[in-house]
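What you see is a predicted model, and the numbers here were worked out from it, not measured in a lab.
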Amino acid sequence: MDQVFKALADDTRRRLLDRLHEQNGQTLGELCEHIAMTRQSVTQHLAVLEAANLISTVRRGREKLHYLNPVPLHEIQERWIDKFERPRLRALGDLKRRAEEAMSDKPSYVYVTYIASTPEKVWDALTDADLTAVYWGHANVSDWRPGSRWEHVRTDGSGIADVVGTVVESERPTRLVTSWAAPEHEGEPDRHSRVTFDIQPHADIVRLTVTHEDLDGEDELRAISAGWPAVLSNLKSLIETGSPLPQEPWLVPGL
């Protein structure tokens with residue numbers, strides 16, 4: 001939390017966060033366009049924000065995209081603001097969010113978590129049908145080759161897939177990109193969203209960044225904003241302890 005407050009104390013870093021809030025997923029060059037300083041200085045400010053976990057970065061080809069990570073800001077809100085004026089501020093926040101998202105065609109969501117594991121184990125936890133069935137309530141089924149179809153299949157024996165898509169990129173054990181769609185919209189590419197898993201090792205831990213793009217408006221953003229933290233918390237528990245959480249986290253009241 002000290003790193004977060006230190007990062008937020010600088011006006012330039014706050015403006016960078018504002019820029020990412022306006023348009024998430026920008027390159028260094030795009031961020032520099034409205035900041036009157038050298039690329040090297042902007043890079044240093046971005047490094048401070050990333051160290052505080054206020055932003056995350058995702059590589060796409062030769063480009064490095066920067067995304068706002070809302071988790072530390074949400075923690076500040078809960079600890080220092082929300083508990084004092086929760087009803088009024090939530091109503092204002094909902095109004096502000098609706099106004100902002102009405103200006104954006106396709107919202108995005110980014111979640112970062114740290115796992116005591118190896119990239120290979122995290123990759124397997126995301127792609128092995130039996131493992132995903134343990135912590136996700138669905139089995140992810142595919143050969144995970146670029147261009148292959150994948151399915152998110154229920155574990156109740158019905159064989160029903162609630163999500164289908166295509167493997168866009170597959171670079172074991174560091175990067176997996178898939179398209180996501182409801183089965184009835186599989187043949188409609190403009191109804192697909194896109195999920196990227198970036199797995200970055202650091203000593204004995206792994207940073208897993210999940211980026212969900214091209215979402216279909218506010219309702220889908222709200223749903224996945226509750227769903228991804230629950231699923232990834234269960235994944236983290238399974239990898240680090242050998243067991244998922246005692247209760248399915250997506251069934252916690254209020255989600």
Donor-acceptor contact present, side-chain [X] to main-chain [Y], <3.5 Å:
{"X": "E220", "Y": "D216", "result": "yes"}
{"X": "S148", "Y": "W144", "result": "no"}
{"X": "Y135", "Y": "A125", "result": "yes"}
{"X": "T166", "Y": "V168", "result": "no"}
{"X": "T57", "Y": "K64", "result": "no"}
{"X": "S237", "Y": "S243", "result": "yes"}

Just verifying a value: how many Å separate [X] [atom1] and [Y] [atom2], rounded to the nearest 0.5 Å?
{"X": "L28", "Y": "E33", "atom1": "CG", "atom2": "CD", "value": "10.5 Å"}
{"X": "R39", "Y": "L31", "atom1": "CZ", "atom2": "CG", "value": "10.0 Å"}
{"X": "L176", "Y": "R172", "atom1": "CG", "atom2": "CZ", "value": "11.5 Å"}
{"X": "D124", "Y": "T132", "atom1": "CG", "atom2": "OG1", "value": "11.0 Å"}
{"X": "S56", "Y": "Q200", "atom1": "OG", "atom2": "CD", "value": "9.0 Å"}
{"X": "E50", "Y": "T43", "atom1": "CD", "atom2": "OG1", "value": "11.0 Å"}

Inspect the contact between [Y] and [X] and indicate whether a charged nitrogen and a carboxylate oxygen are less than 4.0 angstrom apart.
{"X": "E169", "Y": "R194", "value": "yes"}
{"X": "E63", "Y": "R59", "value": "no"}
{"X": "K121", "Y": "E240", "value": "no"}
{"X": "R19", "Y": "E30", "value": "no"}
{"X": "R14", "Y": "D18", "value": "no"}

Donor-acceptor pair between [X] and [Y] side chains, under 3.5 angstrom:
{"X": "Y67", "Y": "E213", "result": "yes"}
{"X": "E151", "Y": "S142", "result": "no"}
{"X": "N24", "Y": "S108", "result": "no"}

Closest approach of [X] and [Y], non-hydrogen atoms and distance?
{"X": "H192", "Y": "E186", "result": "NE2-O, 3.0 Å"}
{"X": "Y114", "Y": "R207", "result": "OH-CD, 3.2 Å"}
{"X": "P183", "Y": "V164", "result": "CA-CG2, 3.9 Å"}
{"X": "L126", "Y": "N140", "result": "O-ND2, 3.2 Å"}
{"X": "A139", "Y": "T155", "result": "N-CG2, 4.1 Å"}
{"X": "L238", "Y": "L131", "result": "CD2-O, 4.1 Å"}

- Item | Flag if over 12 foreign heavy atoms under 6.0 Å of CD, Q40 | no
- Message: So for atom CG, which belongs to D143, do other residues, nucleotides or ligands contribute more than 12 heavy atoms lying within a distance under 6.0 Å?
- Response: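 More than 12 heavy atoms, drawn from other residues, nucleotides or ligands, come within 6.0 Å of this atom.
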- Task: Test R13 against every option in L8, V48, I55 by the side chain to side chain contact (heavy atoms under 4.5 Å, CB included) rule and name the one that passes.
- Result: V48
- Query: side-chain contact (heavy atoms from CB on, under 4.5 Å) with S225: which residues, sequence neighbours excluded?
  - Reply: Y109, L221
- Task: Apply side chain to side chain contact (heavy atoms under 4.5 Å, CB included) to the pair I35 and C32, showing each step before the final yes or no.
- Result: CA-CA 5 Å; I35 303 291; C32 287; 5.6 Å; no
- Could you walk me through whether L232 and L208 pass the side chain to side chain contact (heavy atoms under 4.5 Å, CB included) check? CA-CA 9 Å; L232 296 174; L208 172 61; 3.9 Å; yes
- Item | Ring centroid separation W150 to W180 under 6.0 Å | yes
- Under the side chain to side chain contact (heavy atoms under 4.5 Å, CB included) criterion, do T174 and E171 qualify, and how do the steps go? CA-CA 6 Å; T174 59; E171 302 173 10; 4.3 Å; yes
- Message: Checking M37 against T12 for the side chain to side chain contact (heavy atoms under 4.5 Å, CB included) test, could you report, in this order, the C-alpha distance in whole Å, the side-chain angles of both residues, the deciding distance, and whether it holds?
- Response: CA-CA 10 Å; M37 60 177 57; T12 297; 3.6 Å; yes
- Message: Grouping I, L, V, M, F, W and Y whenever their side-chain heavy atoms are under 4.5 Å apart, do L49 and L68 come out in a common cluster?
- Response: yes
- Message: Going by the rule ring pair (Phe, Tyr, Trp, His ring centres under 6.0 Å), which residues pair with F197 if we only count those two or more places apart in sequence or in a different chain?
- Response: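 W228.
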- Note on the structure: With sequence neighbours left out, the residues meeting ring pair (Phe, Tyr, Trp, His ring centres under 6.0 Å) with H138 are H152
